[in-house]
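Throughout, protein chains are lettered first and strands after them, A, B, ... in sequence-line order, and every chain is numbered starting at 1.
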Amino acid sequence: MRILCVAEKPSIAKAVANHLAGRVVTHNVNGTPYVKNYCFDYNFRQWGQSSVTFTSAQGHITSSDFGPRYKSWQSCLPIALFEADINTTIDDKMKPVAENIRQQSRYAQIVFIWTDCDREGEYIGSEIRDLAVAAKPGIQVKRARFSNIERNHVIQAAGNPVDLDERQVQAVAARIELDFRLGTAFTRMQTLALKPLVEQADPGYKVISYGSCQFPTLGFVVDRYLRVKNFKPEPFWYIKVSHKKDDINVNFTWSRGHLFDRMAVTIMFERCLAAKQAKVVEMLTKPTSKWRPLPLTTLELQKCGSRFLRMTGQEVMKHAEKLYTAGWISYPRTETDQFSKDMDLKKLVEKQQQSQQWGQYAEMLMGGGFNQPRVGRNNDEAHPPIHPVNFVVPTQLSEPEKRVYEFVTRRFLACCSEDAKGVSAELGIEWGVEKFNAKGLTVLQRNYLDVYPYDKWESSQQLPPFTVGETFIPMEAKITDGKTTAPSYLTEPELLSLMDANGIGTDATMHEHVEKIKDRNYVMTRSIGGSRAPAAVAESAETTRGGRGGRGRGRGGRGGAAATARGGSGMLEFIPTTLGVALIEGYDQVGFETSLGKPHLRKEMELQMKAICAGTKTKYEVVQQNLDQYRNVYSRSVQQIDVLKTAIRKYVLQQNVG
Amino acid sequence: MAQSQPNLASDLLAHLSTKGLSPTPTWLTTFLTTVRPNTPIAALKQTALFRILASDIKETTTFTPSSVFPPDIQDGTIKDRNLPGPLLVQVLDVEDIGTSRWSQVEAIEAQERGEFTRGREIIRVTDEADQAQQGATQAANARNRQQQQQQQPGEQKSWGPHKLLLQDARGAVVYGIELVKVDKIGLDMHIGAKLVLQNATVARGVVMLEPATVTFLGGKIDDLYTAWKEGRKDRLKAAAGMT
């Protein structure tokens with residue numbers, strides 16, 4: 001048998017070839033310095049002793065383009081691009097790669113595809129298949145299912161080929177077609193109409209690009225910015241009570257928090273005083289625990305990277321990708337936050353025993369401390385949660401890679417640990433009809449916290465003993481006032497969460513959209529000052545009241561993580577440029593229901609992709625339905641282009657317009 | 001089972017007074033002229049209650065000194081006093097004083113855009129309505145309507161405590177504060193809704209509202225409600241200094 005194996009990237013081809021082969025002969029490929037052909041013999045479980053050539057693509061091979069009639073910006077109205085014929089061609093840069101695959105296919109009976117196991121990888125697999133089949137009709141096409149390139153896993157995958165999933169291929173094809181048509185049409189339309197205005201402020205400005213994920217992403221940033229800008233602080237009042245017992249001073253918090261009506265608070269306070277005695281209605285001591293984190297998903301990795309490692313989502317993914325390619329961690333693009341039961345996690349823990357930093361902890365886990373990780377709610381059925389596959393000596397890694405590897409590993413070890421344990425005390429009193437509470441926490445066993453310094457959970461002051469029914473006159477009570485503070489600008493973790501909750505992009509592509517709006521000069525980022533006051537304490541307390549609901553992905557423990565991590569961690573915050581604000585406001589004014597700056601249209605598209613994958617819709621249906629919808633938005637925007645122009649004048653040119 | 005007019009009138013009066021409502025003779029007479037004589041008494045009772053709850057009590061009910069606020073009700077020097085009642089009032093205004101005006105304005109604006117948020121997810125309210133127009137089966141419509149009704153209180157949900165502006169049958173107005181959560185008092189109640197106070201405490205000229213002393217009868221006054229609803233955002237903005 002002669003078998004041609006094709007990976008998505010050269011690094012994967014090299015790594016997998018080296019795992020499979022005893023001895024590899026490396027050949028150069030004409031016209032590209034990156035792609036190599038690795039030749040070796042291998043005995044496949046299903047195909048027997050074979051002669052293998054292992055090569056790779058370099059990401060997507062083909063790209064879309066409109067025919068010559070539509071190529072020039074002046075050649076047609078942009079709306080024509082909704083229907084114009086699309087040519088799929090091989091990129092000039094990819095021609096040597098494609099030629100290599102064609103050539104190698106001619107000698108092979110089987111083409112065995114090793115692209116990454118996600119929707120995009122499935123599509124690249126189909127591009128490889130098409131090349132191979134064209135070069136050698138009748139060639140058998142198989143695909144390897146793998147999620148990391150640890151040796152045993154790779155050997156497993158080599159022995160268990162599957163078929164390409166045509167539905168996933170179609171879903172990506174639909175996405176590509178829609179993104180291309182809509183992106184080009186709207187980009188041309190808004191650039192032609194608005195660029196002359198923008199140039200007055202920024203002579204070098206080239207293209208006002210549109211993307212169906214970019215714009216809603218920008219919309220979130222603008223929305224928050226406007227909320228910050230329009231914010232007006234408001235005074236509030238509350239009752240503060242403290243009492244000393246056994247020489248311990250207890251500060252009580254009012255169950256109402258604070259109220260925005262001084263008269264009401266004054267009357268309530270007076271009624272407390274009139275009641276004289278406060279009565280203890282609750283004194284509860286109960287065991288409590290801080291749950292170990294859930295297994296790590298891509299989104300969570302990006303959010304934590306931004307919070308704890310001071311890296312953007314883009315950077316974290318870049319380093320994670322490297323660590324994956326080098327075989328140190330599993331595939332970093334995953335939505336799964338549950339480990340399958342048959343995975344030998346202990347074996348992975350065992351490998352970490354050699355670490356200088358967390359080796360001892362890993363030993364403790366191996367010596368009986370191991371716990372099966374918590375099971376999250378998400379499973380993409382393709383990849384396990386991100387975890388370390390092998391131990392690597394830190395000196396082999398670059399500084400940022402080291403930090404990402406450390407985070408992934410500590411997170412994994414934390415997952416396999418016991419929850420932190422403590423005792424919480426809750427003291428409730430009633431004073432008149434008003435209720436006040438005090439809480440105390442004693443941490444008894446830190447457990448996972450010992451290996452996971454990113455979470456904080458510390459003992460507070462102890463409460464003195466009280467008994468239910470006991471009465472006392474509070475030693476100190478007064479009305480205190482405060483003011484609401486503006487929310488802070490959107491941070492990267494918040495932006496990613498918003499994108500996730502609203503179906504903008506996939507876990508694997510979100511950070512790219514975020515980068516895009518920076519590149520396009522629609523937003524700027526700056527580091528949050530170390531001394532920022534605890535942002536929006538009052539307001540955020542209100543917003544969390546509503547509960548999480550919705551998809552409510554219970555990621556990152558029991559919520560609240562965002563709140564605690566706030567406050568000067570050097571995280572980035574996003575501020576829109578004048579152009580960014582103008583575009584979003586302009587489109588919002590053209591029509592809220594279908595504004596390009598809102599997530600709804602794109603969310604629907606994302607759901608339809610899933611429907612294609614599930615086999616309930618075809619690519620044709622999805623493409624047509626979306627084109628119809630966006631065609632409406634397009635004509636409305638053209639009709640009301642003056643609304644957009646006005647917004648540009650108002651913000652970008654700072655002109656006072658009606 | 002034809003009942004004579006006077007008997008009917010006294011039956012109705014008796015029924016309404018169990019609710020704390022005492023209509024004027026004029027109202028009762030007018031009411032009786034608008035109903036068909038053979039209507040069963042139970043239905044009549046219901047109609048009468050419904051109508052009087054939808055009326056302005058200043059015009060439709062009688063009062064005695066104990067069923068209205070004392071003339072010095074607003075006196076802020078009186079720390080604490082009791083109103084035995086029963087005392088019928090109608091709600092002229094309701095505010096959520098537990099939430100900043102700014103965030104209330106934001107919530108209203110989101111609603112105006114046809115959105116509401118569930119956690120971090122931004123949801124378009126009109127999604128279902130659109131589908132209903134396309135889908136068009138009655139069952140689907142009914143289901144959608146139901147969904148929207150379920151959403152409505154979600155959008156309007158207010159945590160309180162609430163501050164109410166109350167008016168008695170004589171027209172005196174006084175603030176009430178929800179000292180303890182009272183069922184059905186909230187931003188989703190109607191302006192013109194009627195409450196009966198019994199043994200309520202008044203502190204510094206403000207009525208303390210508690211479940212033990214407040215009976216919520218419901219009802220609304222359409223004109224007032226419409227005006228209140230339309231002006232709410234502007235009032236909040238003005239109060240927050242946003243205009």
Side-chain angles (χ1 to χ4, degrees), chain A residues 216 219-220 223 227 230-237 256-268 270-271 274 432-434 483-484 486-487 494 497-503 538-539 542-553 559 588 592-595 598-601 603-604, chain B residues 76 79-80 95-107 109-110 112-127 129-130 154-155 157-163 175-181 201-208 210 212 236-243:
Chain A
F220 293 131
D223 188 57
R227 285 183 58 199
N230 296 333
F231 182 81
K232 283 275 186 289
E234 284 173 60
F236 55 74
W237 294 266
R256 296 189 199 270
H258 52 249
L259 301 182
F260 293 83
D261 190 295
R262 187 187 354 210
M263 176 188 78
V265 177
T266 312
I267 292 172
M268 289 167 178
E270 192 178 53
R271 300 188 70 73
V433 299
E434 301 305 318
K483 247 195 290 186
T484 57
E494 286 176 310
S497 304
L498 277 169
M499 293 172 75
D500 178 45
N502 289 286
E539 294 303 311
E542 282 170 16
T543 48
T544 49
R545 273 166 155 188
R548 299 201 56 203
R551 279 163 82 193
R553 294 184 158 193
D588 276 359
F592 271 126
E593 316 84 85
T594 49
S595 170
K598 297 275 168 199
H600 315 115
L601 281 175
K603 178 196 232 165
E604 230 164 275
Chain B
K79 201 173 157 187
D80 206 306
E95 278 179 85
D96 180 356
I97 57 171
T99 308
S100 74
R101 279 129 193 140
W102 182 72
S103 55
Q104 296 187 51
V105 169
E106 278 192 321
E109 285 179 344
E112 285 170 353
R113 289 195 300 268
E115 295 172 2
F116 70 98
T117 46
R118 192 163 62 196
R120 289 194 187 87
E121 195 180 1
I122 303 162
I123 294 164
R124 269 182 60 198
V125 182
T126 44
D127 276 350
D130 288 349
E155 293 160 38
K157 194 178 239 164
S158 52
W159 297 89
H162 299 93
K163 182 175 166 184
Y175 279 119
I177 286 171
E178 198 184 16
L179 196 65
V180 180
K181 179 90 200 106
T201 303
V202 179
R204 307 282 178 199
V206 178
V207 183
M208 303 292 105
E210 302 171 59
L236 284 167
K237 278 179 129 176
M242 268 185 279
T243 41

Side-chain heavy-atom pair A:R256, B:W159 within 4.5 angstrom cut-off
no
With a 4.5 Å cut-off on side-chain heavy atoms, are B:L179 and A:R271 touching?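 SC-SC contact between A:R271 and B:L179 confirmed.
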Atom [atom1] in [X], atom [atom2] in [Y]: separation rounded to 0.5 Å?
X      : Y      : atom1 : atom2 : result
B:S103 : A:R227 : OG    : CZ    : 9.0 Å
A:T266 : B:R204 : OG1   : CZ    : 10.0 Å
B:L236 : A:E234 : CG    : CD    : 8.5 Å
B:T99  : A:H258 : OG1   : NE2   : 8.5 Å

Closest heavy-atom pair, B:S100 versus A:F260, reported as atoms and distance to 0.1 Å, is N-CE1, 3.3 Å
*Specify the closest pair of heavy atoms between A:K232 and B:G241, including all atoms of both residues, with the distance to one decimal.*
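Nearest pair, atom of A:K232 first, then B:G241: CE-O, 3.0 Å.
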Step by step, would you call B:D80 with A:E270 a side chain to side chain contact (heavy atoms under 4.5 Å, CB included)?
-> CA-CA 10 Å; B:D80 206 306; A:E270 192 178 53; over 6 Å; no
| Stepwise side chain to side chain contact (heavy atoms under 4.5 Å, CB included) check, A:I267 with B:M208 | CA-CA 10 Å; A:I267 292 172; B:M208 303 292 105; 3.6 Å; yes
query = Given a strict heavy-atom distance threshold of 4.5 Å, which part of B:I177 is in contact with chain A: side chain, backbone, both, or neither?
reply =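 For B:I177, the contact with chain A is made by the side chain alone.
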Under 4.5 Å to a heavy atom of chain A? For B:E109 that would be neither
Using non-hydrogen atoms and a 4.5 Å limit, figure out which bit of A:L259 sits close to chain B: side chain, backbone, both or neither.
->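 Backbone plus side chain of A:L259, per the 4.5 Å heavy-atom cut-off to chain B.
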Residues passing the side chain to side chain contact (heavy atoms under 4.5 Å, CB included) test with A:P235, sequence neighbours excluded, are A:W237
